[in-house]
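Quick note: residue numbers are just sequence positions, from 1.
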Amino acid sequence: MSRVKQWFGEIDWRQFGIVSYYAYFAVNVLAKAFAYDSGDNIYKYFMYTGIFFLAIKLVTTKYTLRELLVCCVFLGMGLTMYIVTKSATMLLLFLTIMGLKDCKFGRLIQMSVYIRMVVALIMVVGSAYGIFDIGYKTKPDTNYIEMPVYSFGFNEPNMAFLTIFILLMVLLYYNYERLNALWFFATAAVAFLFYEWTFCRTGIAVFLFAWMLIIFDKLVKNKRVKIVLALSVLVGALFSFCAMVFYAGDNPLLHLLNHFVSGRIYIMNSYLTDQGLAFFPRNQELFYASYYGLIDNCYMFMLLYGGWIMAIVYLIVMCAAMYRLYEKECYRELVMISVFALYGVLEQFVMNAFMNPFILLAGILLYPGLLETEKGRKKAYGKLPYPANS
């Protein structure tokens, strides 16, 4: 017994907790890389394993009083959202940010790159050799001509492209200082190849937007001009809100815009007309009573389901975090947040930290050392001339 006590006393519990958090993150990224969700039985095993590792991290971490107070507030909000709406996304996001203390964001991205690259190869090669269902079907193009598309073992062709898109984004971030014309052509070749196989117009448009922002960041040296990168989430939220509120089917411009986003604006406006807005979260069953379709817009999903308070708090936190990154000249972080901010206008998944790891950068408000290197350098990654994993 004395030896056991001695062994427990010699353990570096802080470091043990950090390793456990990385395991938690890796398990969940692996689950999402294979596109498992709450409807899959195997996902429960991933989730239980991940929660076990997260619990170790939370109980082995020493928090300041300020950190504890903030974490308790967000934990309460996440639990409220989960209990009322039955959606665990926000609760998991807050728990993941709570566990971030003493961890390095660059290490999380490094794990995301390797895990997603291996999974993508397994699914694509496995589909080509018949191990997985390649998911052949036809889909109408912009001229309503049926064209072949493939899902490569995933549920939908769009999910297959999204898997490649997320892989490309974390890969670009990981190698940001090395990016050049060769990187552009190589990643564009991969993106357009999968666009041909999946016909995911949303994904390819956001991919091109990502490179526009990267080129903007590389060419523009004026810090004042780069403030636009810190406004992306705010702009995305305001655009989504205005489009939802002022949508009218007889307006040619709004009708065309709604067509380009596959009816998303009409769906949001219909829920707004039937259910209105509330200050607090509401049960999803209210929306099922007049079902128009999925709310594929993370900002308006938060507003319609979570209410004004949740939506405003989320917006304030993200804007504050982006301004903090702007002050630190962490432009590549802002570029990636902006890319997913655009995707947030068209999809919900950006609220998931294991599909959009850049949302975890909100944690810089609580943990200033989040972007320090493993060697303890005090510069942010955005100012380093070498990869984030160094």
**OP:** Could you list who else is in V125's hydrophobic cluster, with ILVMFWY side chains joined at under 4.5 Å, directly or through other members?
**Re:**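 Grouped by the 4.5 Å side-chain rule, Y129 form the rest of the cluster around V125.
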Original post:
Mind checking who shares a hydrophobic cluster with L231, ILVMFWY linked at side-chain heavy-atom distances under 4.5 Å?
Top reply: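 The other cluster members (ILVMFWY side chains, heavy atoms under 4.5 Å, direct or chained) are V235.
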Any side-chain heavy-atom pair from [X] and [Y] closer than 4.5 angstrom?
X    : Y    : answer
L234 : M318 : no
Y343 : N356 : no
L79  : L75  : yes
C319 : L315 : yes
M336 : L213 : no

Original post:
Just by distance, do the side chain of K32 and the backbone of Y36 share a donor-acceptor pair under 3.5 Å?
Top reply: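 Yes.
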Subject >> Donor-acceptor contact below 3.5 Å, side chain T61 vs main chain L58 >> reply: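 No; judged by distance alone, with no hydrogens or angles, the pair does not exist.
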Would you confirm whether the ring centroid of [Y] sits within less than 6.0 angstrom of the ring centroid of [X]?
X    : Y    : answer
Y173 : Y176 : no
F165 : F194 : no
W308 : F280 : no

Name the orientation class of the two ring planes belonging to [X] and [Y] (parallel below 30°, tilted from 30 to 60°, perpendicular beyond 60°).
X    : Y    : answer
F25  : Y21  : parallel
F207 : F192 : perpendicular
F349 : F340 : perpendicular
F184 : W211 : perpendicular
Y266 : Y247 : perpendicular

Subject >> Minimum heavy-atom distance between R116 and I166, given as atom pair plus value >> reply: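 Looks like NE-CG2, 3.4 Å.
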**OP:** Would you name the heavy atoms of M268 and L304 that are closest together and state the gap between them?
**Re:**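 Residues M268 and L304, closest heavy atoms: O-CD1, 4.4 Å.
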Original post:
In the single-linkage hydrophobic clustering (I, L, V, M, F, W, Y; side-chain heavy atoms under 4.5 Å), do V19 and F16 co-cluster?
Top reply: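 No, separate clusters.
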Original post:
Hey, quick one: are L95 and V84 part of the same hydrophobic cluster, counting side-chain heavy atoms closer than 4.5 Å, chains of contacts allowed?
Top reply: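 Result: no, two separate clusters.
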Output the distance between atom [atom1] ([X]) and atom [atom2] ([Y]), rounded to the nearest 0.5 Å.
X    : Y    : atom1 : atom2 : answer
M322 : S338 : CE    : OG    : 4.0 Å
L365 : L370 : CG    : CG    : 10.0 Å
I364 : E327 : CD1   : CD    : 10.0 Å
I131 : S127 : CD1   : OG    : 8.5 Å
I115 : L167 : CD1   : CG    : 11.5 Å
L360 : Y367 : CG    : OH    : 11.0 Å

Original post:
Taking only residues two or more places apart in sequence or in another chain, which ones pass side-chain contact (heavy atoms from CB on, under 4.5 Å) with L342?
Top reply: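 Counting only residues at least two positions away or on another chain, L342 forms a side-chain contact (heavy atoms from CB on, under 4.5 Å) with V206, F209.
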**OP:** Not counting sequence neighbours, which residues clear side-chain contact (heavy atoms from CB on, under 4.5 Å) with A278? List them please.
**Re:**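 With sequence neighbours excluded, A278 shows a side-chain contact (heavy atoms from CB on, under 4.5 Å) to R282, given in chain and number order.
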Original post:
Just by distance, with hydrogens left out, do S112 and Y174 show a side-chain donor and acceptor under 3.5 Å apart?
Top reply: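 No - no donor-acceptor pair under 3.5 Å links their side chains.
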Subject >> Any side-chain donor near an acceptor of the partner, N297 and S240, under 3.5 Å >> reply: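 Their side chains do contain a donor-acceptor pair, which is all the 3.5 Å distance test asks for.
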Within a reach of under 6.0 Å around [atom1] of [X], are more than 12 heavy atoms found that belong to other residues, nucleotides or ligands?
X    : atom1 : value
K62  : NZ    : no
Y323 : OH    : no
K223 : NZ    : yes

Original post:
Do we get K226 above Y326's six-membered ring, with its NZ or CZ under 6.0 Å from the centre and within 45° of the axis?
Top reply: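 No, K226 does not sit over the ring of Y326.
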**OP:** For the pair D217 and R332, find out whether any cationic side-chain nitrogen is under 4.0 Å from an anionic carboxylate oxygen.
**Re:**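 Looking at R332 together with D217, the answer is no, because their closest N to O distance does not fall below 4.0 Å.
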**OP:** Keeping to residues at least two apart or across chains, list the salt bridge (charged side-chain N to carboxylate O under 4.0 Å, His left out) pairs with something in residues 65-76.
**Re:**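 As it turns out, the salt bridge (charged side-chain N to carboxylate O under 4.0 Å, His left out) pairs with a partner in residues 65-76, which skip direct neighbours, are E67-K101.
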Original post:
Restricting to pairs with a member in residues 47-66, which pass ring-ring contact (aromatic ring centres under 6.0 Å, His included), not counting sequence neighbours?
Top reply: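 Passing the test, one end in residues 47-66: no pairs.
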